[in-house]
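Heads up, the thing below is written out as structure tokens.
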2 protein chains.
Amino acid sequence: MSKKALTREAILQQAVRSASQIGISRLTIGSLAEQSGLSKSGLFAHFGSKEALQLAVVQAAQAQFVEEVVKPAFTQPRGMARLRALFHAWVMRLYGSSMPGGCPLLAAAYEFDDQPGAIRDALVAGQRWQRDTLQRLLQDAQDAGELAAGSHVPLLAFMLFGLIQSAHHDHQLLDNHHSAQLALQGFAQLCGTAAPRTDGAST
Amino acid sequence: MSKKALTREAILQQAVRSASQIGISRLTIGSLAEQSGLSKSGLFAHFGSKEALQLAVVQAAQAQFVEEVVKPAFTQPRGMARLRALFHAWVMRLYGSSMPGGCPLLAAAYEFDDQPGAIRDALVAGQRWQRDTLQRLLQDAQDAGELAAGSHVPLLAFMLFGLIQSAHHDHQLLDNHHSAQLALQGFAQLCGTAAPRTDGAST
DNA sequence: CTCAAAAAAGAACGATCGTGCTATTTTGCA
DNA sequence: TGCAAAATAGCACGATCGTTCTTTTTTGAG
């Protein structure tokens, strides 16, 4: 890999961490340069504009999601095992050290939902892809007979994504130490699989 | 009401609308003054600092939530009726004209979850109160025998709040026209009540 | 109507940020 | 090792923002 690409990767890795804490729209070239050991203009030359930098950060965060959540899940056999692996990794990622300030993509969804442009477009595409992936694994599980035949798959995907967001909210803002457990219990209740014991009654 | 208080109310009402679109942390005194027909220093004098202004915006948005969601629900009889009224109003508010850019409190939760200070403290208190209110109405419904006796109330509150967030996300970012319907269907499935027809099978 | 107090306006400041331009250093191939 | 090209640094600019200070306008009670 060229020197330029290496430096760019290092910048983006640090930028994703910073974006996790302060949000993508509040990244500044100056502080990012300082954190990367570069000068403002040196860092700037890698991207050409702040918006291009922010877009690169979004794409880096999306790539990181695929590496940490989607790819590991696909090592599991198709069906409920793969679905559960995806959801668990997705939830557990909220508590890892790679995103100390929360998921930058979820935060960006709120930051840019009213700001048309390339960044919003990238976020929309990425979130649609996440949702589609989740829905596809749900459908696979249902086709394999591991999910109630009458389940409404789009609704399930909608609710599972809600569990992710609720876990993020409870963890980052409310400091609820049970948030991960609640998300996993919710998954178990919705997808009808055995799970960490508590109580999964629903009629 | 004094002139000062009237002007302050008008400023805050406009500020909440703006915060809905750009977020509380990106409010600027200059543009807020322009929108209110005041000068920068004229508006500034009402709050004394930008942080105080932002804090006032948070409190105004929280008060608006109580007026539009909580108070109407409490006109319903205790139990499932009141719970359903709360949830429906909560969801429907996401589609009203008072918050064109989404819920400023949900957005602020992401903006300030890593920024200690008075604003974050106010957000935490407000979100805890929202969750407690939801949980209390769930408990009431369960005590009235209108909710499965084995239901895990904190988990249900966690999941219902996830539905709100998922609806917000789908509506604001993904432009999913079924988001409100999905949230209401999710409520029906979780709380076991009849709801808009589609299919609520689970087992 | 008067006039003191309240409210708002106007102008200016220091700081920060994105960006463009030029000079300097570093890289990697001949 | 020499040298062109790539990468980075240095510097300055215009713009924007929060804030302060002073002046002007507006308000409302006597």
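Here is how names work: the chains are called A, B, and so on, in the same order as the sequence lines, proteins then strands, and each is numbered from 1.
Computed from coordinates, the Ile11(B) CD1 to dA7(C) P distance equals 12 Å when rounded to whole Å. Counting to the nearest Å, the P atom of dG14(C) and the NZ atom of Lys50(B) are 21 Å from each other. In this entry the distance linking CZ of Phe44(B) with P of dG18(D) reads 9 Å, nearest Å. Rounding to whole angstrom units, CZ of residue Arg8(B) and C1' of dA6(C) are separated by 16 Å. Rounded to whole Å, atom P of dT16(C) lies 18 Å from atom CG of Leu27(A). As rounded to whole Å, 14 Å separates atom C1' of dG28(C) from atom CG of Leu6(A). In this structure, the CD atom of Glu34(A) is 13 Å from the C1' atom of dT16(C), given to the nearest Å. The CG-C1' distance, from Leu32(A) to dA9(D), rounds to 17 Å in whole Å.
You'll find the side chain of Asp114(A) stays beyond 4.5 Å of the side chain of Ile22(B), heavy atoms only.
Under 3.5 Å, the side chain of Lys40(A) and the base of dG10(D) form no donor-acceptor pair of N or O atoms. A donor N or O paired with an acceptor N or O is not found under 3.5 Å between the base of dG10(C) and the side-chain atoms of Ser39(B). Evaluation of atom-type donor-acceptor distances gives a pair under 3.5 Å for the side chain of Ser41(B) against the base of dA9(C).
Crowding of His178(B) atom NE2: a count of heavy atoms from other residues, nucleotides or ligands under 6.0 Å not exceeding 12.
There is no side-chain donor-acceptor pair under 3.5 Å between His152(A) and Gln189(B). A donor-acceptor contact closer than 3.5 angstrom is absent between the side chains of Gln142(B) and Ser151(B).
Leu53(B) comes within 4.0 angstrom of no nucleic acid atom, judged by non-hydrogen atoms across all strands. Residue Thr28(B) is classed as a sugar-phosphate contact, given heavy-atom separations below 4.0 Å to backbone atoms only.
When distances run from any side-chain atom of Lys4(B) to the nucleotides dT19(C), dT19(D), dA7(C), the shortest one goes to dA7(C). In this structure, the nucleotide among dT19(D), dA9(D), dG18(C) sitting nearest to the side chain of Ile29(A) is dG18(C).
Ring geometry for Phe187(B) versus His88(B): interplanar angle over 60°, hence perpendicular rather than tilted (30 to 60°).
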